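First comes the structure, then the notes that go with it.
None of the values given here were measured: they were computed from a predicted structure.
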Amino acid sequence: MYKAPVEEIAFTLKHVAGLAPALDGGHLGDLTDDLVDAILAEAGRFASEEIAPLGAIGDTEGARFADGAVTMPDGWPALYKAWADGGWNSLTASPDFGGQGLPHMLHVAALEMWNSGSMAFAIGPTLTIGAIEALTAHGSDHLKNTYLPKMVSGEWMGSMNLTEPHAGSDLGVMKTRAERRGDGTYRLFGQKIVITYGEHDFTDNIVHLVLARLPDAPAGTRGISLFLVPKFLVNEDGSLGPRNDAYCHSIEHKLGIHGSPTCTMIYGDGRFGEEPGAIGWLVGEENRGLACMFTMMNNARLAVGMQGVAIAEAATQKAIAYAKERTQGKAPGWQGSGMSPIIEHPDVARMLLTMKVLTQGARAITYACAHAVDMAHGADARHWAERASLLTPIAKSFATDAGVDVASLGVQVHGGMGFIEETGAARLYRDARIAPIYEGTNGIQAIDLVTRKLPLSEGNHIRGFIAELRDIAAKAAASNMPALGETGERLTASIADLEAATEWLLAAVTEGRQVEALAGATPYQRLFGLVLTGAYLAKGALADGGDGRNEERAALCRFAAENVIGETAALRERVIGGAASLAAARAVLG
């Protein structure tokens, strides 16, 4: 059973991602170190003791659909109520609407633990929190006062409606339409697919944020507006009124996250209400809906990155526990009686250590991104906003790829038993596979990283960041810790690979060589993630965390440098030479 790694999470937050200096510098209000520890401990307890035991039930039962209604897995409605009653939905929300106003770093750390317990459960509340952020930033006072208090408390949940059957990532071709009415409302007509938690029995109202197009809107993404469309209309006194003309037509049968209802939503076909049309209210300005939705989507991308970290952690724990118990053969040097535990076999130990490296690297990257989000609200806002923008696509892509890779290795460690559902290793692998796809595929994240984020401040932000990483490598090289070996030198070489690939891509983007830049974008994204993994592991090994585990962290860092991070040289060559080989081989595809 999953046990939240609260101490490791706290260490990474404080001594790698930057929470400790932010606290010491007074950048996070009245937040104290003791309060951080208390919040993390309780979030970990809830994840380990209350969410995790219901994870397998959610997977086997799944969300069940009948006649427009969704019944959630046994025990899940009570679990959600306990989660909301614990105040977790309000962690980062504005105190003006009942929130606690705590830093984003604490939110993502808690998200990791909840998703390790059950990714299918945690994704629903995650979307509600994203809807709260979008509504807080762009909603009118009327919408905020009507919906935010009950969304922040968890009494109501939210959903995000973007995708249509013919429009996945290309939202510019979406067809859902909105018609103006004279009373300030709009009527929406259309269909949305793969809408997570679009219908469920956790709450009696669901607040949908829906992208639609007005009749006179400009073509493409410049003509998209965002609307708030509740499942039930709300009376002036805050009570629920009649059912709105919006409903779930069906739910998808998926590879993983079975407990999460993924819905096809129908808006405005006349099933409910006095006339056809789902009643909605404009959020933000007309034709500016995508900008509003990006408030929700950017943090949702980081939240999906946390899903990758969460699955990786759960898979690593499960694999290590199994490898300590499962006996098979006799490992080299085994002195015990009978067969040795498979953890003693070098290949199994290599897989387990690789799992730990990828998990801890992904954790540090996502936490560092959350730290930048928090710091962007204070002094030196531009610097930290650019850092958050730069790290977001890496946090989403590297962490979710790591989740899939680590879960796959977890199945391998289990051997044939990993292919059997009862062990639980297969569920983690199935659940992990969606994360590199939704909230913008990892290929789209790579495009964003190379074409939009690298050129920030004419490329000077990424150059400054590389200088920071080079400083970490220099400190590792100068360290007198024997356990680090030649980590510093190897990390320095990998940073040189990153720098060369970065400058090549910046030149390609500046000169308009888009095909060349995009051919190398995905390898570059992985290269960047691996360098960050090595740098953050080294930073942790060198930190004075007070827990006496520096030698242990140094040993893992050395393993990473010698067995994982060295891939950067080949990735650099793929970035720089990828376009020519891609063009030459394209004919093979027919």
Taking all non-hydrogen atoms of both residues into account, name the closest pair between A120 and Y197 and its distance.
-> O-OH, 2.9 Å
Kindly indicate whether the side chain of K254, heavy atoms from C-beta on, has any atom under 4.5 Å from the side chain of I434.
-> no
Heavy atoms only: give me the nearest V404-R433 pair and the separation to one decimal.
-> CG2-CA, 4.0 Å
Check whether any side-chain heavy atom of R363 lies under 4.5 Å from a side-chain heavy atom of T359, and answer yes or no.
-> yes
Contact check, side chains of N89 and I129, non-hydrogen atoms, under 4.5 Å | yes
With ring centroids as reference points, do W384 and H371 lie under 6.0 angstrom apart?
-> yes
Contact list for residues 21-41, test salt bridge (charged side-chain N to carboxylate O under 4.0 Å, His left out), sequence neighbours left out = K14-D33, K14-D37
Would you kindly say whether E133 and T295 are connected by a side-chain donor-acceptor distance under 3.5 Å?
-> no
How about S118 and L54: do any of their side-chain heavy atoms sit closer than 4.5 Å?
-> no
Cation-pi, Y186 ring and R180 (6.0 angstrom, 45 degrees) | no
To the nearest 0.5 Å, what is the distance between CG (L282) and SG (C292)?
-> 7.5 Å
Would you say the side chain of L211 lies within less than 4.5 Å of the side chain of K192, judging by non-hydrogen atoms?
-> yes
Within a strict 4.5 Å, meaning less than it, do heavy atoms of the F202 and T128 side chains meet?
-> no
Among all residues two or more places apart in sequence or in another chain, which pass the side-chain contact (heavy atoms from CB on, under 4.5 Å) test with L456?
-> E386, S389, K453
Whether Y267 and H208 hold their rings parallel, tilted or perpendicular, with breakpoints at 30° and 60° = perpendicular
Within 6.0 angstrom of E7 CD, more than 12 heavy atoms from elsewhere = no
Is a donor on one side and an acceptor on the other found under 3.5 Å between the side chain of T12 and the backbone of A364?
-> no
For side chain to side chain donor-acceptor pair (under 3.5 Å), just list the numbers for S116 and E313, CA-CA rounded to whole Å, side-chain angles, deciding distance to a tenth of an Å, and then say yes or no.
-> CA-CA 7 Å; S116 287; E313 175 63 37; over 6 Å; no
Quick one: CG on L209 to CD1 on I195, what's the gap to the nearest 0.5 Å?
-> 11.0 Å
Hey, can you tell me if W114 and W88 have their rings parallel, tilted or perpendicular (30° and 60° cut-offs)?
-> perpendicular
side-chain contact (heavy atoms from CB on, under 4.5 Å) evaluation trace for K150 with N205 | CA-CA 10 Å; K150 293 190 177 182; N205 203 11; over 6 Å; no
Exercise: identify the closest heavy-atom pair between C263 and I251 | SG-CG2, 3.9 Å
Residues L23, T32; criterion side-chain contact (heavy atoms from CB on, under 4.5 Å); working and verdict = CA-CA 7 Å; L23 288 173; T32 64; over 6 Å; no
Between R430 and D59, is there a salt bridge with N-O shorter than 4.0 Å?
-> yes
E61/H258 under side-chain contact (heavy atoms from CB on, under 4.5 Å): CA gap, chis, key distance, verdict | CA-CA 8 Å; E61 290 188 4; H258 294 156; over 6 Å; no
More than 12 non-hydrogen atoms from neighbouring residues, nucleotides or ligands closer than 6.0 Å to NZ on K3, yes or no?
-> no
More than 12 foreign heavy atoms under 6.0 Å from CG of D67: is that the case here?
-> no
Evaluate whether atom CZ of R382 has more than 12 neighbouring non-hydrogen atoms of other residues, nucleotides or ligands under 6.0 angstrom away.
-> no
Do we see a donor-acceptor contact under 3.5 Å between the side chains of Y367 and E112?
-> yes
Exercise: identify the closest heavy-atom pair between P125 and A122 | CD-O, 3.4 Å
Would you indicate whether the side-chain heavy atoms of L302 and H104 approach each other to under 4.5 Å?
-> yes
Begin with the C-alpha distance, continue with both residues' side-chain angles, and end with the deciding distance and a verdict on side-chain contact (heavy atoms from CB on, under 4.5 Å) for R187 and I279.
-> CA-CA 5 Å; R187 295 296 187 276; I279 300 173; 3.5 Å; yes
Taking all non-hydrogen atoms of both residues into account, name the closest pair between A368 and A17 and its distance.
-> N-CB, 3.7 Å
Heavy atoms from other residues, nucleotides or ligands near OH of Y429 exceed 12 (cutoff 6.0 Å) | no
Should the heavy atoms of other residues, nucleotides or ligands under 6.0 Å from CD of E285 be counted, would the total exceed 12?
-> no
Over all atoms of both residues, closest heavy-atom pair of C369 and T392 | SG-OG1, 3.5 Å
Going by an N to O cut-off under 4.0 Å, is there a salt bridge joining E164 and R213?
-> no
Does the side chain of T185 reach to within under 4.5 Å of the side chain of W281, using non-hydrogen atoms?
-> yes
Would you call the rings of W156 and Y147 parallel, tilted or perpendicular, where under 30° means parallel and over 60° means perpendicular?
-> tilted
Indicate whether the side chain of D269 and that of Y247 have a donor and an acceptor atom separated by less than 3.5 Å.
-> yes
Cationic N near anionic O, under 4.0 Å, D201 to R64 = no
Around atom CZ of R271, are there more than 12 heavy atoms of other residues, nucleotides or ligands at under 6.0 Å?
-> yes
Passes side chain to side chain donor-acceptor pair (under 3.5 Å), T400 versus N442? Steps please.
-> CA-CA 8 Å; T400 56; N442 286 359; 3.0 Å; yes
